[in-house]
Structures are given as structure tokens and as C-alpha cells.
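Please read these numbers as outputs of a predicted model, since none were measured by experiment. Below, each value reflects all heavy atoms present in this structure, side chains not excepted, and no hydrogens, waters or symmetry copies. Start at 1 with the first residue, then count along the sequence. Counting starts at 1 for both ligands and their atoms, in listed order.
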Amino acid sequence: MMICISCGAEYDNQEIIYTCRECGSILEVVCQPQVSRDIFECRKSTMWKYKEFMPVDHSLIVSLEEGGTPFCRCQKLGDDLGVELYVKVEGSNPTGSFKDRGMSVGITKARELGVDTVGCASTGNTSASLAAYAARAGLRCIVLLPSGKVALGKLAQAMFHGAEVISVRGNFDEALEAVTALALEGQLYLLNSVNPFRLEGQKSIGFEIVDDLGWKSPDRIILPVGNAGNISAIWKGITEFHEAGFISDLPRMTGIQAEGAAPIARAVEQGWEDIVPVENPETVATAIRIGAPVSAKKALRAIYESDGMAETVTDEEILDAQKLLARREGIGVEPASAASIAGLRKLVESGQIDKGEQIVCIVTGHLLKDPNTAINACKEPIEVDADISALSRIINQS
Ligand code: AN7
């Protein structure tokens, strides 16, 4: 069953519906399996380890073995900041971002419903992931991308996996509105995170974190927020495990946005239950260049219920954090992902995060998603002949 998060109206899981017919708000899937956590033992570490919590037909699963991503202790960076820091490396998923978790469930649902065409609007990663999973399932895939604002690696993936890529004159929010209209006309099955089944996959990030910590919640989970699906999904997963009695404590959900695209942070600052959209969102972190997040209400609920917070970071802080994580801990992430680390630094410096907290930062996408930003942040290599004395001079110069 799906329910409307605002008015509680109920819908059958077999219905193709994205928003409430009664009040227009967003929907969520109800999932309350009666199981013991022992059943997870000895299962392969992909997100389907927790399949009882994935309410789709398990005989139709479309998977590339997503999930089970690295949970890296970052001792040096943690010590610098005075916290116990873990980084959940979502760039290690099959197409290089956390979206694969959502697409595995979403495409499985598409097969269950018997649709032949799937689609999305995307700042890049959603389209890369959808293209790959649609290819695996043999479905037609249409993606709308904001013209000129999608990082190179993501564009290459979407095209190479055979999606029909359409470049839309406008930003992500406008592309999402357009693709939603197509979906409502029945021209495609929409796999943006307004589709609540996407979040059923992404909630496994929360499952893995508490499992990795030995069935304990960290003090805090910090992640970048764009369309606001992921923070909502992780909170849903964590609360489901809490309600099942698998864990006894809960984390504070902490969302980080780029200063030029921060409707959620603004709403939290004001104590609002919904956002005021940002008209012309702008940030170097193109993945989260989003002004009207569809899952805003769910995200705000997650932040308020968990006694969490939201913060903004500048593009400069994002790029500094991206470099710091790469150079100090060897973890390469795309700019949007580094917002979590930038936010952590800012909140520690301002005293809003206490020393000694156990913190999990989610880094959502791989460094190679956006090679141009990485190259632009570095000096060009010196070119010489393969001559020992010339080489020797260069490496002894500094
Ligand atoms: C690397 O691909 O919205 O708050 O269309 O690619 O759940 O939207 C991407 C979002 C964070 C924000 N980090 O997550 C898309 C898209 C990376 C991302 C986010 C995205 P949400």
C-alpha cells in the first residue's frame, strides 16, 4: 500500500500514481515486514540482503549487485575535526552513484507493472543509472537533461547505455515538470524520486550504516540534499529498522545544500513545513542544482523528527572539501558529494556539532562523474622527453 504523507489517503501498490488524487501531496510506500534481523546473516552484501524490506515482486528483480558499498573510517580527517568519522562511499555502486539502489527497485517495479517505456529528468546521475538498469531490463528509456549543465561522465553513461537523451533548454526543475507531464499522459513510467518505489531502494543506505556499526545508529548522518529524496529515504530505512526493534537509537539527519540552491536549508532556518522554491538555482555542484525539490516535505519531516539540521556551503567550501577528502583520505568524489564533508567542517567550526560525535558522511557519487571540475582544480602536468636527467631535474625541483 502507498499512503499520502499529508492527508493519509491510501493507494494500491499496483496503481501507477505519483501524487495524491485528494490533496496533491507526495506518496510513500508502507513497509512493515515481521522478520527478525538474524535472517540477514550470511547473505551476500548487496542491498538485496534486506529484500524483505523491498516491497516488489522478488521473482522480477533487476539488479547489478548495487549496495554493500564501502564504509570507510576516516581517522585522519576525523581527528582533524575532533569527531569519529565514517564515510559511506556510494560512488562504488555499479554506475557510480547511490541512484542505483533506487533504480534497482524502481525498474523491478516497472517490470512488475508491465510498462515498456521509462523516463526521468536528471541533473545527471539519475539518468546514468536509469539508462543502465533500463538496458538490463530491456526497456525503452527517455531522459531529459538540463542543457549544458550535466557533468561529462554522467552524459557519457546515459548515452552509451542507449537512453534517448533529450537536452532541454531550461534547468532541472523545468525538465522535471515536463517529464512529469509526459508521465501523467501515460507516455512513460516516471522514475524520478517522486516515484516512492525509488526511495524503497535508497533506504538501504540507512540499513547498511546501522548494520556496519553492529546494529547501532551513529549520532549523526550528514548528506548532500538536492531533490531531497535520499535524506527522506535514509530516514525511512532507519525508522523502519527502529520500529522492527533492530536498533534502539536514532541518528540526527543533517542535510547540506549549496548556497545557491538551498530551499530546504532556508525552510529549516525558518521552521517551515514546506519550501519556497529557489528560482534560478546555481552551484558548481551541478548534481544538486535544484530549486524546487519534490521530496521537500519528506526531507523536512526527517530533519525535524530526528532533531537534525540543515546547513549551506559555498562552492569554494565544496571544492576545498572535495580536494581534502581526495588528498587526505584517498576518496575521490564528485563536487555534490563533498558538500557533506564541507557541511561537517562548517558545523564543527561553528560548534553546532559536538566533539567526539560519531558521524557518517554519505558521499553520493564518484570523482570520475565530473572529470572537468577535477582537472580544472589541478595544474597541468609538465611534459618532457623520457630522459633520466630531465626527469631527475623535475622531481628534485621542489
Ligand atoms: C551525486 O541525478 O537529482 O537529494 O537527477 O547526483 O536525493 O536529490 C541527483 C542528485 C546528491 C542529491 N549527490 O540527492 C539527479 C539528481 C549526488 C547526486 C544528490 C544527487 P537527492
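- Look at Arg140 and Asp116 and you find no salt bridge, because none of the NZ, NE, NH1 or NH2 atoms lies under 4.0 Å from a carboxylate O.
- Backbone and side-chain nitrogen or oxygen atoms of Val225 are examined, and none is located within less than 3.5 angstrom of a nitrogen or oxygen of ligand 1.
- Not a single heavy atom of Ser97 sits closer than 4.0 Å to an atom of ligand 1.
- The closest approach between a heavy atom of Lys99 and any atom of ligand 1 is below 4.0 Å.
- Checked by distance only, ligand 1 and Thr364 come closer than 3.5 Å through their nitrogen or oxygen atoms.
- Of the protein's non-hydrogen atoms, Ala287 CB, 3.5 Å is the one closest to atom 18 (C) of ligand 1.
- Under the salt bridge (charged side-chain N to carboxylate O under 4.0 Å, His left out) criterion, Glu66 pairs with no residue at all, not counting sequence neighbours.
- Close approach to Gly229 involves these atoms of ligand 1, each under 4.0 Å from a residue heavy atom: 4 (O), 7 (O), 21 (P).
- Among all non-hydrogen protein atoms, the one lying nearest atom 7 (O) of ligand 1 is Asn230 N, 2.8 Å.
- When heavy-atom distances to ligand 1 are checked against a 4.0 Å cut-off, Glu334 comes that close only through its side chain, counted from C-beta outward.
- Under a 4.0 Å N-O distance rule, the pair Glu208/Lys49 does not qualify as a salt bridge.
- When side chains are defined from C-beta on, Ile290 does not count as touching Val278, because their heavy atoms never get closer than 4.5 Å.
- At a 4.0 Å heavy-atom cut-off, ligand 1 touches Ser122 through backbone and side chain alike.
- With 3.5 Å as the limit, one finds no donor-acceptor pair spanning the side chains of Thr314 and Glu316.
- In Ile290, the part holding a heavy atom less than 4.0 Å from any atom of ligand 1 is the side chain.
- Remark: ligand 1 atoms within the under-4.0 Å shell around heavy atoms of Thr123 are 2 (O), 3 (O), 5 (O), 9 (C), 15 (C), 16 (C).
- Close contacts between ligand 1 and Thr126 involve ligand atoms 2 (O), 5 (O), 15 (C), 16 (C) [criterion: under 4.0 Å to a heavy atom].
- Taking every heavy atom of Asn125 and a limit of under 4.0 angstrom, the matching atoms of ligand 1 come to 1 (C), 2 (O), 6 (O), 17 (C), 18 (C).
- For Phe241 and Phe53, the ring centers sit closer than 6.0 Å to each other.
- With ligand atoms numbered from 1 in the order given, ligand 1 contributes 11 (C), 12 (C), 19 (C) to contacts under 4.0 Å with heavy atoms of Ile288.
- Residues Gln187 and Ile142 form no side-chain contact, since every pair of their non-hydrogen atoms from C-beta on lies 4.5 Å or further apart.
- Using a 4.5 Å cut-off between side-chain heavy atoms of Ile, Leu, Val, Met, Phe, Trp and Tyr, Trp272 falls into a hydrophobic cluster with Val276.
- Within a 6.0 Å radius of NZ in Lys76, other residues, nucleotides and ligands contribute more than 12 heavy atoms.
- Against a heavy-atom cut-off of under 4.0 Å, Asn227 is close to the following atoms of ligand 1: 4 (O), 8 (O), 21 (P).
- Under a 4.0 angstrom heavy-atom cut-off, Ser193 registers as lying outside contact with ligand 1.
- Nearest protein heavy-atom contact of atom 14 (O) of ligand 1 is Phe98 CZ, 3.5 Å.
- For Arg169 and Glu174, the salt-bridge test fails: no basic side-chain N is under 4.0 Å from an acidic carboxylate O.
- Ion pairing of Lys109 with Glu112 is present here, as a side-chain N (NZ or NE/NH1/NH2) and a carboxylate O approach within less than 4.0 Å.
- Considering backbone and side-chain atoms together, Lys154 places no N or O closer than 3.5 Å to any N or O of ligand 1.
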